[in-house]
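So the structure is just underneath, and the comments pick up after that.
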Amino acid sequence: MHCTTLIPLATKRPMVATVHDVAFLHYPEFFTRRGNRVFRRSVVALKSRAAKVLCSSSATLNDLRDLGFSEERLRFVPLGVRHVEVTDEDRARVREKLSLPSDYLLFVGTLEPRKNVDRLVRAFARLVRDGLPHSLVLAGGRGWDYAAIDRAVADEGIGHRVIIPGYVRREDQPLWYSAADLFTYPSQYEGFGLPVLEALACGTPVVTSNSSSLPEVVGRAGLVIDPSDESSLAEAMRSVLTDGTLAARLRDAGPVQAAQFSWARSAAGCVRAYREAAADASQGGRA
């Protein structure tokens with residue numbers, strides 16, 4: 001059986017579990033009281049019941065090691081990405097097809113406090129005041145305390161420059177990434193940060209956080225900033241949008257970095273864990 005952090009408590013089958021993150025431990029204020037209780041109980045159960053625990057990033061693996069998970073049960077199995085090739089002509093066609101502005105920054109993800117979207121809005125407002133022509137597109141479903149984002153947009157008076165299209169279908173997301181001048185993802189904590197990898201694969205310059213798993217995903221193919229520092233976020237975005245040489249370097253570096261991550265590698269890691277768990281169970285080991 002393969003499950004995620006929330007494991008079925010009744011099963012006696014050999015179990016492989018994937019833990020993408022333990023954000024509820026680092027930022028309990030971003031979860032409900034019930035959510036915190038459920039996640040904590042599941043992590044305790046995983047320590048004794050899962051034969052193998054797959055971690056999407058080295059950061060998550062280290063978190064679980066610090067929580068007392070035994071080394072022989074932890075496996076590093078990163079996520080993958082579908083690789084795409086997009087030309088400048090493709091980008092122009094996508095902007096027209098989707099009625100997107102000619103110059104825009106993109107965020108993709110759940111619109112909630114942990115993703116730092118309200119701070120992104122305020123950093124973007126600095127660019128607007130400096131005269132940059134770009135719009136900010138916030139693509140994603142509404143999450144907990146979405147109102148904080150609305151307040152930031154209203155406080156900064158930039159409602160005419162912020163586009164919130166809602167959830168974008170997975171199959172359409174590469175088009176949105178590819179047509180953007182910059183992808184920015186200043187999340188405070190991520191167990192992996194799949195949108196960053198997807199943007200890199202599309203050759204879109206990336207600005208993201210220097211925390212949790214994000215540096216290992218972006219490598220040297222993007223700019224990293226302190227997610228709590230609004231001025232650093234604004235300056236990094238400004239650098240990419242005004243320095244053509246830097247933007248071109250990041251566009252070239254993104255697909256190279258993304259090529260290190262594949263779904264084939266992820267699948268192979270899962271299969272190895274299944275075989276190990278089955279072998280342990282057949283020998284009377286941990287189930």
Checklist line | Hphob cluster co-occupancy, Phe24 + Val44, side-chain heavy atoms under 4.5 angstrom | finding: no

Check: Are any of the side-chain heavy atoms of Glu190 and Arg114 separated by less than 4.5 Å?
Finding: yes

Check: Do the side chain of Arg73 and the main chain of Lys47 share a donor and acceptor less than 3.5 angstrom apart?
Finding: yes

Checklist line | From CA spacing to verdict: side-chain contact (heavy atoms from CB on, under 4.5 Å), Ile164, Leu111 | finding: CA-CA 10 Å; Ile164 306 179; Leu111 304 181; 3.9 Å; yes

Notebook entry, point to check: Is atom CZ of Arg275 surrounded by more than 12 heavy atoms (other residues, nucleotides or ligands) closer than 6.0 Å?
Noted result: no

Margin query: With a sphere of 6.0 Å drawn around CZ of Arg220, does it hold more than 12 non-hydrogen atoms of other residues, nucleotides or ligands?
Written below: no

Notebook entry, point to check: Does the side-chain contact (heavy atoms from CB on, under 4.5 Å) test come out yes or no for Cys55 and Leu74, once each step is laid out?
Noted result: CA-CA 7 Å; Cys55 305; Leu74 296 175; 4.2 Å; yes

Notebook entry, point to check: Is there a path from Ile158 to Leu127 through hydrophobic residues (I, L, V, M, F, W, Y) whose side chains come within less than 4.5 Å of each other?
Noted result: yes

Checklist line | Shortest non-hydrogen separation from Arg265 to Gln260 and the atoms involved | finding: NH1-O, 3.3 Å

Check: Which heavy atom in Ala139 sits nearest to a heavy atom in Val168, and how many Å separate them?
Finding: CB-CG2, 3.7 Å

Check: For the side chain of Ser239 and the backbone of Glu235, is there at least one donor-acceptor N/O pair under 3.5 Å apart?
Finding: yes

Item checked: Carboxylate-amine/guanidinium proximity below 4.0 Å for Glu276 and Arg75 -> yes

Check: Between Arg95 and Asp181, is there a salt bridge with N-O shorter than 4.0 Å?
Finding: yes

Note to self: As a quick check of understanding, evaluate side chain to side chain donor-acceptor pair (under 3.5 Å) for His26 and Asp63, giving each step before the final call.
What the structure shows: CA-CA 10 Å; His26 293 277; Asp63 279 342; 3.2 Å; yes

Check: Once you round to the nearest 0.5 Å, how far does CG of Leu132 lie from OG1 of Thr242?
Finding: 7.0 Å

Note to self: I'd like to know if Arg238 pairs up with Asp243 as an ion pair, taking the criterion as any Lys NZ or Arg NE/NH1/NH2 lying under 4.0 Å from an Asp or Glu carboxylate oxygen.
What the structure shows: no

Next item on the list: Kindly indicate whether the side chain of His134, heavy atoms from C-beta on, has any atom under 4.5 Å from the side chain of Leu241.
Entry: yes

Checklist line | Electrostatic pair Arg249:Asp252 at N-O distance under 4.0 angstrom | finding: no

Check: What is the minimum heavy-atom distance between Thr60 and Val19, and which atoms define it?
Finding: CG2-O, 3.4 Å

Margin query: If I compare all heavy atoms of Ala125 with all of Glu156, which pair ends up nearest, and what's the gap?
Written below: CB-OE1, 3.5 Å

Checklist line | Verdict with supporting geometry, His20 and Leu79, side-chain contact (heavy atoms from CB on, under 4.5 Å) | finding: CA-CA 10 Å; His20 293 297; Leu79 303 182; 4.0 Å; yes

Note to self: So, taking the atom named OG in Ser209 and the one named OH in Tyr189, what distance separates them when rounded to the nearest 0.5 Å?
What the structure shows: 13.0 Å

Notebook entry, point to check: Given side chains that start at C-beta, do those of Phe192 and Phe261 come closer than 4.5 Å, heavy atoms only?
Noted result: yes

Notebook entry, point to check: For the atom pair OG1 (Thr110) and CG (Leu138), what is the distance rounded to the nearest 0.5 Å?
Noted result: 12.5 Å

Notebook entry, point to check: Are Val16 and Leu46 grouped together when hydrophobic residues (ILVMFWY) are joined by side-chain heavy atoms under 4.5 angstrom apart?
Noted result: no

Notebook entry, point to check: Step by step, would you call Leu61 with Val53 a side-chain contact (heavy atoms from CB on, under 4.5 Å)?
Noted result: CA-CA 9 Å; Leu61 189 148; Val53 179; over 6 Å; no

Item checked: Separation of Asp172 CG from Tyr167 OH (nearest 0.5 Å) -> 9.5 Å

Note to self: In this structure, would Val196 and Val77 fall into the same cluster of hydrophobic residues linked by side-chain contacts under 4.5 Å?
What the structure shows: no

Margin query: Assess whether a salt bridge exists between Glu112 and Arg142, defined as any Lys/Arg side-chain N lying under 4.0 Å from an Asp/Glu carboxylate O.
Written below: no

Margin query: I'd like to know whether the aromatic ring centres of Tyr274 and His2 sit less than 6.0 Å apart in this structure.
Written below: yes

Note to self: I need the minimum non-hydrogen distance between Ile225 and Ser232, along with the two atoms involved.
What the structure shows: CG2-O, 3.6 Å

Margin query: Salt bridge or not between Arg119 and Asp229? Use side-chain N to carboxylate O under 4.0 Å.
Written below: no

Next item on the list: Determine whether Leu105 and Met237 make a side-chain contact, defined as any pair of heavy atoms from C-beta on separated by less than 4.5 Å.
Entry: yes

Check: Can you find a heavy atom in the side chain of Asp66 that is under 4.5 Å from one in the side chain of Leu64?
Finding: no

Check: Would the number of heavy atoms belonging to other residues, nucleotides or ligands and lying under 6.0 Å from CZ of Arg82 be above 12?
Finding: no

Check: Would a distance-only check, ignoring hydrogens and angles, find a side-chain to backbone donor-acceptor pair under 3.5 Å from Thr204 to Tyr177?
Finding: yes

Margin query: Check Glu198 with Arg170, please: is the shortest side-chain N to carboxylate O separation under 4.0 Å?
Written below: yes

Notebook entry, point to check: Any side-chain heavy atom of Val117 sitting closer than 4.5 Å to one from Phe107?
Noted result: yes

Margin query: So Ser211 and Pro227, do their side chains get closer than 4.5 Å, heavy atoms only?
Written below: yes

Next item on the list: Any chance you could measure Ser58, atom OG, to Glu216, atom CD, to the nearest 0.5 Å?
Entry: 4.5 Å

Notebook entry, point to check: Same cluster or not: are Leu246 and Val256 linked, directly or through other Ile, Leu, Val, Met, Phe, Trp or Tyr residues, by side-chain heavy atoms under 4.5 angstrom apart?
Noted result: no

Notebook entry, point to check: Which heavy-atom pair separates Ala148 from Asp118 by the least distance, and what is that distance?
Noted result: O-CB, 3.8 Å

Notebook entry, point to check: Is the shortest heavy-atom distance from the side chain of Leu214 to the side chain of Tyr185 under 4.5 Å?
Noted result: yes

Notebook entry, point to check: CG/Leu67 to CG/Leu25 distance, rounded to the nearest 0.5 angstrom?
Noted result: 5.5 Å

Next item on the list: Step by step, work out the side chain to side chain donor-acceptor pair (under 3.5 Å) result for Asn36 and Arg33.
Entry: CA-CA 5 Å; Asn36 270 295; Arg33 186 176 303 173; over 6 Å; no

